[in-house]
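Note that ligands are numbered from 1 as they come in the structure, with each ligand's atoms numbered from 1 the same way.
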Amino acid sequence: MPAGDRRQLGAAARERGRAVSPGLRDLTRRHGLLFGGDYNPEQWPEEVWAEDVRLMREAGVNLVTVGVFSWARIEPEPGVRDFGWLDRVLDLLAGAGVAVDLATPTASPPPWLGHRWPETLPVDESGHRLWYGSRNQFCPSSPVYRERALALVEDLAGRYAGHPALAMWHVGNEYGQVCHCDTTAEAFRTWLRERHGDLGALNDAWGTAFWSQRYSAWEEVLPPRRAPYLVNPAQRLDFRRFCSDALLAHFRAERDVLRAHTPDIPVTTNFMGFFNLVDYWSWAPEEDVVSDDWYPDPADPLSHVRAALTHDLMRSLAGGPWMLMEQAVSAVNWRPHNLPKPPGQLRLESFQAVARGADGLCYFQWRASRSGSERFHSAMVPHAGPDTRLHREVLAHGAELRALAGVAGTRVPARVALVFDWPSWWAATERGLPSDRLDPVEELFRYYRPFWERGVSVDLAPPSADLSGYALVVAPSLFLLGEDDAASLTSYVRGGGTLAVGPFSGIADRDARVHRGRFPAPLREVLGLSGEEWLPVPEDRAVPCAWTDGGAFTARLWTELVRAEGAEAVAVFAGSGDPAVLRHPCGAGTAWYVATRPEHDALATLAGRLLADAGVTGALPGPPPPGVEAVRRGPALFLLNHGDGTARVPIPGPARDLLTGAVVDGAVTLAPREAVALQSPEHEASNTEE
Ligand code: GAL
Ligand code: ZN
């Protein structure tokens, strides 16, 4: 999509957001919360299938994803089709009442494709071809790959349209392939022509006067390839946009084939959270169900907060309920040292996803593989079989999820939005910046954490979104900012909103050219300040700062020299007395700017002030105890204890525990890893979808 369309895209996403959920809603009306996993029967002799299906029924599995990596099995030789086995699998599942999320198997072409058509294999930045023998080996721009993939999808859709098991389509798997070959170069040029028009405009946008990079003919223009030194940042940025769009074009092509056969079957593809290579704001409106794969790092003590942020991103992409397509029952096998999940952890993590809007809780994978690279990945049915602790946890969890069916289809109300943008992320992580320590996703997380700690729900939004429905908008790190998006942030504040902007935001335009003048040029007016120097700080140095109404804090890594131009300093750098945090009443609203990188405690204080300005409170009357997550979704208040100790959480009034049926009042006590969903009396009568 031409990048100029990004503004419409926000609107399209919202439009679609309302049209998206019905597919998922139909499914959850029939099945309750979706529960299951990736099922790869092609790896097993048929005798095992009967046991699989029996165990699925026992576990309350109601949805499995079939066929993700089955291209070579369905099309053993070019043009040949073997659907017999898949017919039997789908019939078995239909007989057992297990719905199927049927995958187009195009994520992993068979060896014959790369062998006969090596041009379908991807090429890296150095010009080396990547070979088959693993997975994902395709060039997104290859016409041969496209043709073969679509022919297969056509036959798959034709064969299973109307099959009673078919409930959802799963296109490919975890899109994120990149290729630098000559075919890609051709496609990149076509994309660039559409974005920039003529070569003069391209030279201008990319600033090719620098280092004698001026192009004299389109044929000279290439994807970024290995070069002696830093490659043009605007070229790299456009290439990332192009890569996301090229994959999206392929996704759409498959989706359109599927929709032609089965207009009522929802289509998804599994996202990967804050995945760098694809702009999910542009993808989400193109699918019917937003789904995500989430594999928290057990070594990260804050992974539950990262999980919350990621789930909030998915809910925001979907504009409502989404589904967790893949998570691990216990350990993964792809980190160097794979820690298991302690007992109770999978339950806690699943409930967390439900609390944050998930209507489906699925796992990778149903039965552990005997062969291949993922033999040591945990599964719902481990190598040791069903008589195992892990499988018993799966059984118990499936049974419990049935008690939560009432939250399916409901919303998580949020009055705070965090702004996040993929192209800005890309541009802000190029080489050649004042520092590579200001990672936009890490900054987003740092600003998110205090809201999580207070039980305040947060949506995510692209800078082009209509933010007028939010009381508070925070843009922690928005390096790239077009004039039009800056103008809409300004009018958001003038109209009564509270906006907070983090450092090194509003610095460059959409082609990564620095905005002229004092920074952040397009936000100067709304922020009531301007800056002139970025002053990164040695990593081991704490920067002393002081709130102007009393109290000290420290900041790290980054400071800026700015001056107030209407804003008042709320905090100053202790050494120089220059402003560090500024607040500017503007129109009917207020804008805040943070000219440094405060440590967590100071960000927590700041969040409290922002919430006070915006008049926003959390899910509970006060902040929950440390480590406890509090989220309201539809009729339920979820309380989740991620801490190591028992926590006592005061609750606002009497409520029914949806899992046990017990009535609680005053407070609930949560053991470590315990989770409850409480329904207060006013919600008993109706299950509102709001
Ligand atoms: C995902 C992928 C699955 C499986 C899983 C293992 O990225 O979609 O096919 O590989 O990781 O954790
Ligand atoms: Zn290629």
Side-chain angles (χ1 to χ4, degrees), residues 37-40 42-43 64-71 101 103-109 113-114 117-131 134-146 170-191 222-225 239 242-243 246-247 249-250 268-273 275 277-278 291-298 310 323-335 338-341 346 349 362-369 371-380:
D38 277 42
Y39 180 37
N40 297 306
E42 68 276 15
Q43 297 176 9
V64 289
T65 299
V66 177
V68 176
F69 297 112
S70 65
W71 188 339
D101 169 30
T104 68
T106 50
S108 197
L113 188 76
W117 291 279
E119 73 271 28
T120 62
L121 295 168
V123 171
D124 72 12
E125 271 179 300
S126 304
H128 295 129
R129 224 169 252 299
L130 307 182
W131 290 91
S134 175
R135 67 176 182 188
N136 303 344
Q137 73 289 351
F138 65 86
C139 165
S141 301
S142 159
V144 178
Y145 167 75
R146 170 78 63 100
H170 182 295
V171 175
N173 194 61
E174 296 189 334
Y175 278 100
Q177 294 66 31
V178 176
C179 182
H180 300 258
C181 75
D182 291 342
T183 307
T184 299
E186 220 8 88
F188 184 37
R189 283 176 213 127
T190 305
W191 184 95
L222 292 173
R225 288 184 178 164
F239 186 63
F242 159 80
C243 288
L247 285 169
H250 185 81
T268 190
T269 184
N270 45 347
F271 288 168
M272 291 171 276
F275 177 67
L277 298 177
V278 168
S291 65
D292 194 41
D293 298 349
W294 174 245
Y295 293 97
D297 182 353
T310 307
M323 72 178 278
L324 186 53
M325 184 61 84
E326 292 182 24
Q327 56 182 328
V329 172
S330 184
V332 300
N333 70 307
W334 41 262
R335 293 193 174 98
N338 295 291
L339 302 181
K341 291 187 181 175
L346 81 85
E349 289 177 5
C362 293
Y363 291 84
F364 180 86
Q365 62 178 329
W366 169 251
R367 187 183 280 279
S369 304
S371 312
S373 303
E374 292 179 333
R375 288 161 299 165
F376 298 105
H377 195 289
S378 61
M380 298 169 86

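- Between P296 and E349 the shortest side-chain heavy-atom distance falls below 4.5 Å.
- Residues meeting the side chain to side chain contact (heavy atoms under 4.5 Å, CB included) test with C362, sequence neighbours left out: L63, M323.
- Between the side chains of D293 and N270, at least one donor N or O lies within less than 3.5 Å of an accepting N or O.
- F242 and W191 have perpendicular rings, their planes meeting at more than 60° on a 0 to 90° scale where under 30° would count as parallel.
- Under the rule for a side chain to side chain contact (heavy atoms under 4.5 Å, CB included), the partners of V178 that lie at least two apart in sequence or sit in another chain are H180, F239, C243, L277.
- Near the Zn ion (ligand 2), less than 2.8 Å away, sit the protein N, O or S atoms C139 SG, C179 SG, C181 SG.
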Could you tell me, for ligand 1, which of its N or O atoms are under 3.5 Å from any protein N or O, listing the pairs and their distances rounded to 0.1 Å?
residue	atom	partner	partner atom	Å
ligand 1	7 (O)	E174	OE1	2.5
ligand 1	7 (O)	E174	OE2	2.7
ligand 1	8 (O)	N173	ND2	2.8
ligand 1	8 (O)	E174	OE1	3.3
ligand 1	8 (O)	E174	OE2	3.2
ligand 1	8 (O)	E326	OE1	3.1
ligand 1	8 (O)	E326	OE2	2.7
ligand 1	9 (O)	R135	NH1	3.0
ligand 1	10 (O)	R135	NH1	3.0
ligand 1	10 (O)	R135	NH2	3.2
ligand 1	10 (O)	E374	OE1	3.3
ligand 1	10 (O)	E374	OE2	2.4
ligand 1	12 (O)	W334	NE1	2.8
ligand 1	12 (O)	H377	NE2	2.7

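- Rounded to the nearest 0.5 Å, atoms NE2 (H170) and CG (D38) are 6.0 Å apart.
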Go through the steps for D182 and R129 under the test salt bridge (Lys or Arg N to Asp or Glu O under 4.0 Å), then give the verdict. CA-CA 12 Å; D182 291 342; R129 224 169 252 299; over 6 Å; no
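- Under the 6.0 Å cut-off for aromatic ring centres, W334 and Y295 qualify, their centroids lying closer than that.
- Atom SG of C181 and atom CD of E119 lie 9.0 Å apart (nearest 0.5 Å).
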